[in-house]
Number of protein chains: 2
Amino acid sequence: MELPRPGSIPEPAVRRLSLYLRELENFQRNNRLTISSKQLGESLRLTDAQVRKDLAYFGQFGRPGIGYRVVDLVSRLRHILGTDRDWNVVLVGAGNIGKALSSYRGFGSKGFNIVAVFDNDASKVGKRLGTFVVRPLSELTRAVQELSARLAILAVPADGAQDVADQLVAAGIRGLLNFAPVSLTVPKGIAVNAVDVAVQLEQLAFQTMLFD
Amino acid sequence: MELPRPGSIPEPAVRRLSLYLRELENFQRNNRLTISSKQLGESLRLTDAQVRKDLAYFGQFGRPGIGYRVVDLVSRLRHILGTDRDWNVVLVGAGNIGKALSSYRGFGSKGFNIVAVFDNDASKVGKRLGTFVVRPLSELTRAVQELSARLAILAVPADGAQDVADQLVAAGIRGLLNFAPVSLTVPKGIAVNAVDVAVQLEQLAFQTMLFD
DNA sequence: ACGTGTGAAGTCGTTCACAGCG
DNA sequence: CGCTGTGAACGACTTCACACGT
């Protein structure tokens, strides 16, 4: 039931795990009881073998001749990915993106709770952002520790991002979701994922040109 | 100078191309004249061999003993990725995410121009969203064609996403950036990229658990 | 018969290591 | 000497194909 030797699992398989979970939650909403690797694969344009192999890295969840029980697989995947616990998340940056994220519904059901919002712009500190009061960066270290926040979302301009990242790491944050268009340098043991919308559009532009 | 046989280029290499360009633009801002594969790789935590191999898929841009001229490489990569032209983009969804994207600075310099915003919520249609007036979905097809929009950003709730995607494809859109937490089905020849913030946090949660 | 789990085979991507240019 | 461009070696990921459980 616990996680198997992590080094042996392909990274792409872990990424797909989140997608399996998302699809399964949809099937669950439709009261689907069981699902085969073929059907789950089709909804994501993957082969059945791929789905079985990915799931098998983490355990034996299916029954030959039947498939996977949706409810069981959902709870197994939630446990593996950690979304059966609560995760306190701090948000740095009260600009456009920060504002959107602070009011995004869809975190809560996954166990992610934004617990504080920070910005170093004096004109924003003290103001409300959704249900939060924006706090100055000087309070960041103390707040991270008092709130036991393990994850952070970084939604600040590019030129301040590395500096804030350093502060977050020093405060004890373990994972960082970076919306700034820069590559961050962090110590080993700190996880970083990046979302760069401009890069995504660039990739789309390239892909569409291939068909002309 | 034109794009080489596309099928022969690894997909991950294309993704990294955008990151190379982003870093190079930073170096350019700092008036850096030339850069080696080693230095470019270090800024992104990649090996020098990886950088050289990736760039070599698209041409011979460097000079032995010297490295790459930053200005040249930037303009080459822009041309390859298509950001040396203009791309008209329509945005569907005037909620939190749509609002943030409509005022995001950082698209323009990459050649991406949002040219219209749509929503099917009657309470939003007609209202301003930044500099845009929100238009009803019924105008989408006509607008896409009149504005020659080739890309679309989808920032609507999950349950409406596939439906809107179908309309966008029918209207002639060639690439789709999907912020809704569902997997979209589109015809061959249409490019889709997805951004799911909850999935990103899930991956961070998993990665941080590996170190405990 | 249906469908999983899994070694084995095959494909794809990365790293190595070096010839050759500046 | 520094550094690129690139075949060859290596390793990682995916697909195949089948034994086995239901």
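Lettering follows sequence order; numbering is per chain, from 1. What you are looking at is a predicted structure, and each value in this text was computed from that prediction instead of being measured.
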Are Phe179(A) and Val197(B) packed together at the side-chain level, in the sense that at least one heavy-atom pair is separated by less than 4.5 angstrom? yes

Are Arg76(B) and Asp72(B) within salt-bridge range, i.e. N to O under 4.0 Å? no

In B/S/- notation (B base, S sugar-phosphate only, - none; protein heavy atoms under 4.0 Å), nucleotides 14-22 of chain D written 5' to 3' is BB-B---BS

Nearest-Å distance for atom pair CG/P, residues Asp48(B) and dA17(C): 12 Å

Sub-4.0 Å heavy-atom contacts from residues 18-34 of chain A onto DNA chain D, ordered by number: none

Between Ile35(A) (CD1) and dT4(C) (P), how many Å, whole number? 10 Å

Should Asp212(B) and Arg150(A) be marked as a salt bridge (charged side-chain N to carboxylate O under 4.0 Å, His left out) after you check the CA-CA gap, both sets of side-chain angles, and the distance that decides it? CA-CA 12 Å; Asp212(B) 291 338; Arg150(A) 296 168 64 79; 2.8 Å; yes

Can you tell me if Gln39(B) and Ser36(B) form a side-chain donor-acceptor pair at under 3.5 Å? yes

Check each of Leu154(B), Val117(B), Leu168(B), Leu151(B) against Val90(B) using the side-chain contact (heavy atoms from CB on, under 4.5 Å) test, and report the only one that passes. Leu168(B)

Five-pair end axes of the helix from dA1(C)-dT22(D) to dG22(C)-dC1(D) and the angle they enclose, rounded to 10°: 10°

Length of the line joining Phe61(B):CZ and dT6(D):P, which is rounded to integer Å: 11 Å

For the residue pair Val74(A) and Leu21(A), establish whether any side-chain heavy-atom pair is separated by less than 4.5 Å. yes

With salt bridge (charged side-chain N to carboxylate O under 4.0 Å, His left out) as the criterion, how do Lys110(B) and Glu25(B) come out once you've worked through the C-alpha distance, each side chain's angles and the decisive distance to 0.1 Å? CA-CA 11 Å; Lys110(B) 297 260 177 188; Glu25(B) 287 170 336; 3.3 Å; yes

For Ser183(B) and Leu44(A), indicate whether the former's side chain and the latter's backbone hold a donor-acceptor pair under 3.5 Å. no

Which class fits the ring pair Phe112(B) and Trp87(B): parallel under 30°, tilted 30 to 60°, perpendicular over 60°? tilted

Result for side chain to side chain donor-acceptor pair (under 3.5 Å) between Ser37(B) and one of Glu42(B), Arg52(B), Gln50(B) points to Arg52(B)

Starting at OH of Tyr68(B) and ending at P of dC21(C), how long is that distance when rounded to a whole Å? 17 Å

Donor-acceptor side-chain pairing of Asn193(A) and Gln203(B) below 3.5 angstrom: no

In whole Å, I'd like the distance from the CZ atom of Arg76(B) to the P atom of dG5(D). 10 Å

Over how many whole Å does the gap from Arg15(B) atom CZ to dC12(C) atom P extend? 15 Å

Kindly say if Ser37(A) contacts the phosphate of dG3(C), meaning a side-chain N or O under 4.0 Å from OP1 or OP2. no

Find the distance Gln39(A):CD to dG3(C):P and express it as a whole number of Å. 7 Å

Between Gln60(B) (CD) and dG20(C) (P), how many Å, whole number? 15 Å

